[in-house]
Amino acid sequence: QLHLEESEGGLVQAGGSLKLSCVASEGTFSSYDMGWFRQAPGKEREFVSGITWSSVGIHYADSVKGRFTISRDNAKSSVFLQMNSLKPEDTAIYYCVGRGSVGSMARVKDWQYWGQGTQVTVAS
């Protein structure tokens with residue numbers, strides 16, 4: 001079991017940066033893959049980035065590759081998403097997710113644990 005809590009998102013100007021963090025409790029954080037999804041208004045929830053329990057495997061959606069960086073600190077039971085060169089189309093609710101190491105990182109159904117989400121708004 002993992003309980004996930006995201007940091008507060010925020011409002012940033014296009015081209016700006018924002019770092020999201022997520023703290024896990026009630027589980028052995030270091031044994032779980034972690035990741036981020038997002039959902040924009042009127043759109044389906046989509047994969048943003050994932051990192052394996054060992055940090056060996058890191059994956060990004062094409063839409064954020066080169067702009068976003070995922071990382072984790074197992075000692076602090078935390079996962080981070082550094083978002084640079086933000087665009088208005090990055091506006092969404094961002095969800096921290098966790099799972100055992102099974103299935104595709106890009107599939108919503110392959111993630112068992114979800115945070116409540118945090119709003120990120122990028123103004124043009």
Side-chain angles (χ1 to χ4, degrees):
Q1 279 275 351
L2 278 183
H3 176 73
L4 304 173
E5 185 169 352
E6 300 96 344
S7 61
E8 193 169 333
L11 170 65
V12 296
Q13 295 295 314
S17 298
L18 188 65
K19 186 174 184 177
L20 301 180
S21 60
C22 171
V23 178
S25 59
E26 300 177 17
T28 306
F29 180 81
S30 59
S31 65
Y32 291 92
D33 293 347
M34 298 300 296
W36 295 88
F37 277 71
R38 68 185 181 186
Q39 188 166 20
K43 294 189 177 181
E44 292 186 354
R45 201 165 289 191
E46 65 173 0
F47 171 76
V48 175
S49 183
I51 184 168
T52 58
W53 64 273
S54 62
S55 299
V56 170
I58 292 177
H59 304 274
Y60 297 99
D62 288 342
S63 59
V64 307
K65 212 170 281 185
R67 300 188 298 121
F68 290 12
T69 302
I70 191 171
S71 61
R72 65 188 295 161
D73 184 340
N74 287 344
K76 296 182 179 180
S77 297
S78 297
V79 61
F80 308 96
L81 186 67
Q82 176 67 48
M83 304 184 291
N84 298 329
S85 302
L86 282 161
K87 305 174 181 179
E89 50 264 44
D90 294 318
T91 295
I93 298 173
Y94 282 71
Y95 297 90
C96 175
V97 294
R99 67 169 204 172
S101 303
V102 177
S104 167
M105 278 195 172
R107 280 202 299 248
V108 170
K109 66 173 187 166
D110 285 338
W111 294 88
Q112 290 83 45
Y113 307 107
W114 291 75
Q116 291 191 329
T118 187
Q119 178 70 48
V120 172
T121 303
V122 183
S124 57

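Computed from a prediction, not measured in an experiment: that's the story for all the values here.
- Under the 4.5 Å side-chain criterion, counting only non-hydrogen atoms from C-beta, Leu81 is in contact with Ser49.
- Taking both residues in full, the closest heavy atoms of Ala14 and Ser124 are given as CB-CA, 4.3 Å, listed atom of the first, atom of the second, then distance.
- Looking at heavy atoms from C-beta onward, Tyr32 lies out of side-chain contact with Gln112 at the 4.5 angstrom threshold.
- For the atom pair Ser104 OG and His59 NE2, the distance stands at 8.5 Å (nearest 0.5 Å).
- In terms of modelled atom types and a separation under 3.5 Å, the side chain of Glu6 and the main chain of Gly117 share a donor-acceptor contact.
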Which pairs would a plain distance check flag for residues 15-23, meaning a side-chain donor or acceptor within less than 3.5 Å of a matching protein atom at least two apart in sequence or in another chain?
{"residue": "Ser17", "atom": "OG", "partner": "Asn84", "partner atom": "OD1", "Å": "2.9"}
{"residue": "Ser21", "atom": "OG", "partner": "Ser7", "partner atom": "OG", "Å": "3.4"}

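- The backbone N or O of Arg107 sits nowhere less than 3.5 Å from a side-chain atom of Asp110 that would complete a donor-acceptor pair.
- Interatomic distance, Asp73 CG to Ser78 OG, rounded to the nearest 0.5 Å: 6.5 Å.
- Taking all atoms of both residues into account, the shortest heavy-atom contact from Ala24 to Phe29 is CB-CD1, 3.4 Å.
- Tyr60 places none of its side-chain heavy atoms less than 4.5 Å from the side chain of Arg67.
- Checking side-chain atoms of Thr118 against main-chain N and O of Gly9 turns up a donor-acceptor pair under 3.5 Å.
- In the hydrophobic cluster analysis, where Ile, Leu, Val, Met, Phe, Trp and Tyr join through side-chain heavy atoms closer than 4.5 angstrom, Trp53 is grouped apart from Val97.
- The shortest distance between side-chain heavy atoms of Val108 and Phe47 does not fall below 4.5 Å.
- Atom OG of Ser77 is separated from atom NE2 of His3 by 12.5 Å, given to the nearest 0.5 angstrom.
- Among residues at least two apart or in separate chains, there is no disulfide (SG to SG under 2.5 Å) pair with a member in residues 39-72.
- Note that Arg45 lies in the cation-pi zone of Tyr95, set by a 6.0 Å cut-off to the ring centre and a 45° limit from the axis.
- When all heavy atoms of Tyr94 and Met83 are compared, the pair lying nearest together is CE2-SD, 3.9 Å.
- Heavy-atom minimum distance, Gln119 versus Ala92: NE2-O, 3.4 Å.
- Ile93 is not connected to Val48 by any chain of hydrophobic side-chain contacts under 4.5 Å among Ile, Leu, Val, Met, Phe, Trp and Tyr, and they are in different clusters.
- Contact between Leu11 and Ala123 at its shortest, heavy atoms only, is CD1-CB, 4.1 Å.
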Give the intermediate values and the outcome of side chain to side chain contact (heavy atoms under 4.5 Å, CB included) for residues Thr69 and Phe80.
-> CA-CA 8 Å; Thr69 302; Phe80 308 96; over 6 Å; no
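- Aromatic ring orientation, Phe37 versus Trp114: tilted (interplanar angle from 30° to 60°).
- In Glu5, the CD atom is not crowded: 12 or fewer heavy atoms of neighbouring residues, nucleotides or ligands sit closer than 6.0 Å.
- Across all their heavy atoms, Leu86 and Val12 have their closest contact at CD1-CG2, 3.5 Å.
- At least one side-chain heavy atom of Glu46 sits under 4.5 Å from a side-chain heavy atom of Arg38.
- Taking 4.5 Å as the limit, some side-chain heavy atom of Ile58 sits within range of a side-chain heavy atom of Ile70.
- Between Met105 and Ile51, the closest side-chain pair of non-hydrogen atoms is not below 4.5 Å.
- In the displayed structure, Lys65 atom NZ is contacted under 6.0 Å by more than 12 heavy atoms of other residues, nucleotides or ligands.
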